Every structure is written in C-alpha cells, then in structure tokens.
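Numbered from 1 within each chain, the chains take letters A, B, ... in sequence-line order. Remember, it's a predicted structure, so these values are computed and weren't measured experimentally.
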Amino acid sequence: MNTPRTMFEKIWDRHVIVKRGESEALLHIDRNFVHEGSFHAFGALAAENREVRKPRQTFAVADHYVPTLNRDRGIAAVTDPEIRNQMEMLANNTKKHGIVHYGIDDPRQGIVHVIGPELGITQPGLTITCGDSHTSTHGAFGAYAVGIGASQLKQILATQCLWQKKPKTLRVSVEGAIAVGVTAKDIILAIIAEIGTAGATGHTIEYAGSAIRAFSMEGRLTVCNMSIEAGARAGMIAPDDTTFAYLAGREFAPKAAHWDSALEFWRSLPGDAGARFDREVTLNATTLAPMVTWGTSPEEAVSVTAVIPDPAAADNADKRAHMEQALRYQALTPGTRLTDIGVDYAFIGTCTNGRIEDLRAAAAVLKGRKTVIPAWVSPGSTTIKLQAEAEGLATIFRDAGFEWRASGCSSCAAVNGDIVPAGKRCASTSNRNFEGRQGQGARTHLMSPAMVAAAAVTGKITDVRTLMAGRP
Amino acid sequence: MQPFTRLTAVAAPLDIANIDTDQIIPARYLSKARGPGYERWGFHDMRYETDGREKPGFVLNQAPYRNAQILVAGANFGCGSSREAAVYVLLANGIRAVIAPSFGDIHYGNELQNGMLPVVLPADIAHKLCEQLKSQPGVQIGVDLESQTVTGPDGATYHFDIDPNQKEKLLNGLDDIGLVMQNIEKIEGFELRHHEELPWLA
Ligand code: SF4
C-alpha cells in the first residue's frame, strides 16, 4: 500500500519535473500572476533578452497603484509620473509578450488575489505563483500558491518552472461553531496570535476542522490570505462542494466534459486518511471573540474585550523589545482597554476583506447609522463593486458617510496615494499593521469588516456584538 | 549572479525582532528604479526623520557602522512582503550578508537569488554577537560559506546550516534559469503529459 499523503504532498508530487539533491525540486507552474510591481522581473527579462515561454499561463492586473478616485478618467487619473510610468510599463510588457492584461479601466480589474478566484483562474490542484506574498490566498481552493520575489518571477516567466525547496507541513484544525459577530478574519488573527508571525516559517499550512469547513469561499480566502502573516510558505484548504459550486460557470473554469474530469481530479485532492503532518495545532473556535491588533506585528492581536498586554510579561527579550517599540509607535500604554482606544479613520477593502460578504457584513452594521470619522471602502474588484451597487450596499455605505471608491489595493500598501496621515489611527480590514504600512507614522489596527464599521460609527474600537442586538 | 565565498567586514548590530520588508524599504519607494541614489530608500523610516535629517540613534547612521557589510539582526528578519527591492536596498547600502536567528521565508530566498548570504544562527549567539559589536563599535566579523562558519570579533567560530544546492549556486554564482533550461526535454515531456491529463489547463 502507498503511504498516505497530505493534500499538499499530492499537489507537490504531481508537479515535480526533476529533483536536485534531496531537498529541491523543479516544479511546473500552472498559473502565474503579475501586477504593476512586476517591472523589475520584466526589466531583467529584457536585459537578458529572454522571451516569456508560456504567455497564456500568466495573467496581469493593475491593482497596487491604481487610484481609487476619478477612475472614469482611466490612466489620466494617475498624476504621479513614476506611478503612471509603472502602469504603462505593465501594459507595454504584457502586450509585447502576449499576456492578458486587466488594466485600470477593464471591467475585470481588481486586486490580483480577488480576481484570480473570481474569474475561475484559481482552481484546486494547481501550482500558482505571483510576485506578491499574499498569493497564499489562492490556497483556499486547494491549490499550492506561493508568493515569490522578482528573480523567481523572471525565472517563471522565462521557463514556467520554479526551483523550490519542499516545505514542511502544518495542520491547523479549527473546531466548533463560531459565535455571532466572529468571522474568518478573527479566526486567522487568533491563529497568528497563537503561533506567532514566524510560527509557520518553512511550512505549508493546511486549515481543517468544522469551523473552516463551515466557511464560504470568501471566508476561506480570508483565512488563507493571512497565512503569510504566520510566516507560512502557503496555506490551503481541501476543496469540497462549496469550492466546486463557487467555480461552476466562471470564465476560466473548465466547461462541459472538462468539468466532469476536473471534478474527478479535484475530488482526489484532499489528504488521505492517516496522512502525517510535521506539526499539528488545534484551536477552539467556540470561545473566540472579535480580534483586534494593538501593535505593529500581526501577532500583536488580542480579543476586543481585552486590555493592551504588558511587555514585562513577554516570554522572551526579542518579543519584549518589539512590544515596547510597538507601544511607543502606536502611542499606547499597557492595561488600556481596547475599547477605550479612539480611531481617526476607517478603511474597508483589500485582498483580505474586500469581497462581497465582507461588504455585506459591514453594511449590516452601518445600516441606519452614521460614521463619525472619515471612512472609505475600496471593493476587492470592479465586479464586486458593481454587485454591491446592485444589491444596494453602496447606498448603505454612502448614507452612512463612507466614501464609495473604485477597486484597488488602496490604503493597504498605500502606494496609490490613499495614505493615513502620520500620528493618525486607522481601523482597517487589511492584513499588515507594520510601522508605516498605511503611511509614514500611521497607526493601524487590524480587524474584521464588521468591526471596522463599528469603529467608524463610534469613533473608537468597539465590540461589534454590542451594536448587533436585534439586527439580522 | 555575483558569487559569495567569504567576507570579513564591519558588522552592524540591529537586534530588533520582526524587521519587516516595509521597514527595509517602505512601500512608497517601490516604484523607484535601481541606480545611483537607490541606497537612500533602505531602512528609510528607521533612518530618517520626516524632514530628511538622519536619526542619530539608528545604527547605520553611526560612524563606526556606516560601512558595515554585514548585519546582525533579530529573529524573523525580512518577514512580510515578497518585495525583492528589500534585497536591492541592502545591496545598495553595501550589505552582503545578514546574520539572524530566523528569516522571513521569501526574503531569505530573495537574498540568495542576488548573491547575498542569509546566515541563520541560534538566538543566543546572534545576541552575543550584537553585544560584542556594540561594545567594540566597528569591529569585524568573518563569514565563510565554504566552511559554513561565522567568526566572531573574539575569534570564536560558529557553524551554520545552508541547503547544499543553495550553497553550490551561491559559491559559483549559478543562475537558476540556466539550471532550469538544462532540463528542457524533461520539462516539455512533463507539460505534454500534464496537459493531456488536465486539458482545460493547457
Ligand atoms: S490588498 Fe494589500 S496585501 Fe493584498 S495584494 Fe494589495 S497590497 Fe498586497
């Protein structure tokens, strides 16, 4: 009998072309994504006079640098010449190499990790790469999806293959039903708080358990998205009927007879009974409350009902030093209740929490209420933006005083100009609270979309559950 | 790729955990082209005030460490984004090797892709090295890839692990694309089979 294999091992084995020594394999890459930031790789390709070997396997989209305002003006809305040049380089490079490009005014434009699934480009069993660390998002379909740097991206464009060292496997099981007001974002923040930002370094995480199974694809994407914040190479969730139902009929999903063969293949992917993981972690979902980060590392997260922890209680010197610096940067003191922290801005969007369910959850809190601070939404894709408008969500956001903006990375990396000013505090649905991430000197608190909505209407960090009594 | 064999050079202590790639190069400078002046974006917000003045407390702003070619950092160095620009700015600032208890996975790979040597040493040794570098500012550390050793300022040597394939690539400055293309027949055979079985992916 064959040794039982995990899902990751099945996908890995299937894509190995050759091995080099014990540790390294040359993998076939099924799907590759590029964005404006990929200019270093295209530049290196040109300098070495190389062609793109499989242009049909690469997909390009403008997301990181697109403005979220004045989008009806197209590329003319981009006023910074350096950024404009970068966007034009993507258009030119993809045209030159015959790569499909969803540009600033394309109806399919959106954040790369949102549109891949939305268009059915992301599928179970595939190897997927992108020059962006949150590529782990795509693993929600049961794919091995890894973020890469510019040199590796150049290698993939030139060869459609990637040398990789085989990662170890870590299963994170989340069991039990989550309480009302608790979301996929809270689960992943709790996991990161538990294992740390280096907790999964060198590992591929497979998320399992009843809480994960119960999530829609949107929720699963949120969980896998932040695998990188736990240090993991990739995150994945076994495909099931939820996955297949999501994919059916999407533009790049298999059709007709191919659909049936695809289903057969996809159903063979979940790990075998008895397959061994290098490590196992379990988390009880039933006791979780909404989570909020207080510091400048995603692991510096606590329940909204808690107080800011004391660095003196940290279990090692490195951690203590980081906590002390984080408190200085965030201008916070240990012992303060999270719900006593005032916020100045609210931002909803990103590849973590910019999908339709996220917008619905925030709108459910905002309905009939008003924000007391500047707040904006940038939907994860142009398709989602249109869907939210059709569902009446956009009206709820606008009536509540949110700016309803176009789709892009916006204030997540804040490279398109959507910055949070120095010294200001932002309740954000994004995935990184690093120093300066949302703008030099800006202070970020990561939380779920519903929690951001709650902060927007109260002007301070608020347990959204207190605003939901009597609401659906 | 520029090979890496051995290096004895001034080392700077940067013993803070979780130095992420946004700290190594803030995202707003990612659209900058590499070239003269690129070093300015390295550790920008740790290094400069908002008005552009140097922060004297930052280690690379201090005279003895200005020409450091080695960094000794805290755990999880280079966590965060996949931006290879984090490596480009280290190189632009003359850094060829980073010693830390652990690295962000993608950043570790990116260093190797650019002829830099990321060295993993246990936390207590990295701390000890930092203390020595602080008590004798401007002192040198040796890093030898062939023998996989780091030599501290006091002459003590420490062994480090590195994947044998990565070591060979780095020692010889081998380029990944070259190593891939040696296998082109196998690659083409693989693709034919793969797309026969999963034709909707072709
Ligand atoms: S939304 Fe944020 S994390 Fe996601 S791809 Fe854009 S910049 Fe990266």
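Judged by distance alone, the side chains of A:R233 and A:Q164 do bring a donor and an acceptor atom under 3.5 Å apart. For the residue pair A:N32 and A:Q57, no side-chain donor N or O sits within less than 3.5 Å of a side-chain acceptor on the partner.
At a 4.5 Å heavy-atom cutoff, the contact between A:I17 and chain B is made by backbone and side-chain atoms alike. Looking at A:S297, only its side chain comes within 4.5 Å of chain B, counting heavy atoms on both sides. Contacts of B:D176 with chain A are made by both backbone and side-chain atoms, with heavy-atom separations under 4.5 Å. The part of B:R83 that comes within reach of chain A is its side chain, from C-beta onward, which places non-hydrogen atoms under 4.5 angstrom from that chain. For A:R437, the parts lying near chain B are the backbone and the side chain together; criterion is any non-hydrogen pair under 4.5 Å. For chain A, no part of B:Q182 is nearby; none of its heavy atoms comes within less than 4.5 Å. With a 4.5 angstrom heavy-atom cutoff, B:A202 touches chain A only via backbone atoms. Using a 4.5 Å cut-off between heavy atoms, B:L198 contacts chain A through its side chain alone, with no backbone atom that close. Residue contact with chain A, scored on non-hydrogen atoms closer than 4.5 Å, is absent for B:Y29. At a 4.5 Å heavy-atom cutoff, the contact between B:L201 and chain A is made by backbone and side-chain atoms alike. Within the 4.5 angstrom heavy-atom criterion, only side-chain atoms of A:E299, from C-beta onward, approach chain B. Looking at B:N165, both its backbone and its side chain come within 4.5 Å of chain A, counting heavy atoms on both sides. When heavy atoms are compared at a cutoff of 4.5 Å, A:Q155 approaches chain B by way of both its backbone and its side chain. Both the backbone and the side chain of A:H258 have a heavy atom closer than 4.5 Å to some heavy atom of chain B. There is no contact between A:R320 and chain B, counting heavy-atom distances below 4.5 Å. Only the side chain of A:R50 comes within contact range of chain B, judged by heavy atoms closer than 4.5 Å. The part of B:M181 that comes within reach of chain A is its side chain, from C-beta onward, which places non-hydrogen atoms under 4.5 angstrom from that chain. The contact between B:I184 and chain A is made entirely by side chain atoms (from C-beta outward), counting heavy-atom distances below 4.5 Å. If you measure heavy-atom distances from A:A198 to chain B, the contacts under 4.5 Å come from both the backbone and the side chain.
In this structure, A:D30 contributes its side chain and A:L126 its backbone to no donor-acceptor pair below 3.5 Å. Of the possible polar contacts, none joining the A:D418 side chain to the A:A414 backbone as a donor-acceptor pair under 3.5 Å is found. Formation of a donor-acceptor pair under 3.5 Å by the A:S136 side chain with backbone atoms of A:A234 is not found in this model. At least one donor-acceptor pair under 3.5 Å links the side chain of A:T159 to the backbone N or O of A:C161. With hydrogens and angles disregarded, no donor-acceptor distance shorter than 3.5 Å links the side chain of B:K169 to the backbone of B:Q113. Between the side chain of A:N431 and the backbone N or O of A:M226 there is no donor-acceptor pair closer than 3.5 Å. Checked by atom type and distance alone, the side chain of A:Q123 pairs as donor or acceptor with a backbone atom of A:G120 at under 3.5 Å.
Within the cation-pi definition used here (under 6.0 Å to the ring centroid, within 45° of the axis), B:R47 does not qualify as a partner of B:F58. B:Y48 carries B:R40 over the face of its six-membered ring, with the cationic atom under 6.0 Å from the centre and within 45° of the normal.
Classification of the B:F43-B:F77 ring pair by plane angle, with boundaries at 30° and 60°, yields tilted. Aromatic ring pairs are classed by plane angle as parallel below 30°, tilted from 30° to 60° and perpendicular above 60°; the pair A:H15 and B:H194 is perpendicular.
Contact check on B:R96 versus B:E111 returns no salt bridge, with no Lys/Arg side-chain nitrogen under 4.0 Å from an Asp/Glu carboxylate oxygen.
Options B:Q23, B:R28, B:M1 differ in how many heavy-atom pairs under 4.5 Å they form with chain A, and the most are formed by B:R28. Of the listed residues A:E48, A:K165, A:E435, the one with more heavy-atom pairs under 4.5 angstrom with chain B than any other is A:K165. Among the candidates A:G131, A:P254, A:G202, the residue making the largest number of heavy-atom pairs closer than 4.5 Å to chain B is A:P254. Comparing B:M46, B:H107, B:E197, B:Q166 by how many heavy-atom pairs each has under 4.5 Å with chain A, the most go to B:E197. Most heavy-atom pairs under 4.5 Å with chain A, from the set B:A17, B:S31, B:A27: that is B:S31. Interface check for chain B: of the options A:F265, A:W163, A:F252, A:Y65, the most heavy-atom pairs under 4.5 Å are formed by A:W163. For the set A:D80, A:T197, A:N85, A:I83, the count of heavy-atom pairs under 4.5 angstrom toward chain B peaks at A:T197. The greatest number of non-hydrogen atom pairs below 4.5 Å with chain B, out of A:I419, A:T201, A:V415, A:D318, is found for A:D318. If you tally non-hydrogen atom pairs under 4.5 Å between each of A:A262, A:G125, A:A253 and chain B, the highest count goes to A:A262.
Residues B:I24 and B:V89 form a side-chain contact, since some pair of their non-hydrogen atoms from C-beta on lies under 4.5 Å apart.
Here the two rings, on B:H195 and A:H28, have centers that are under 6.0 Å apart.
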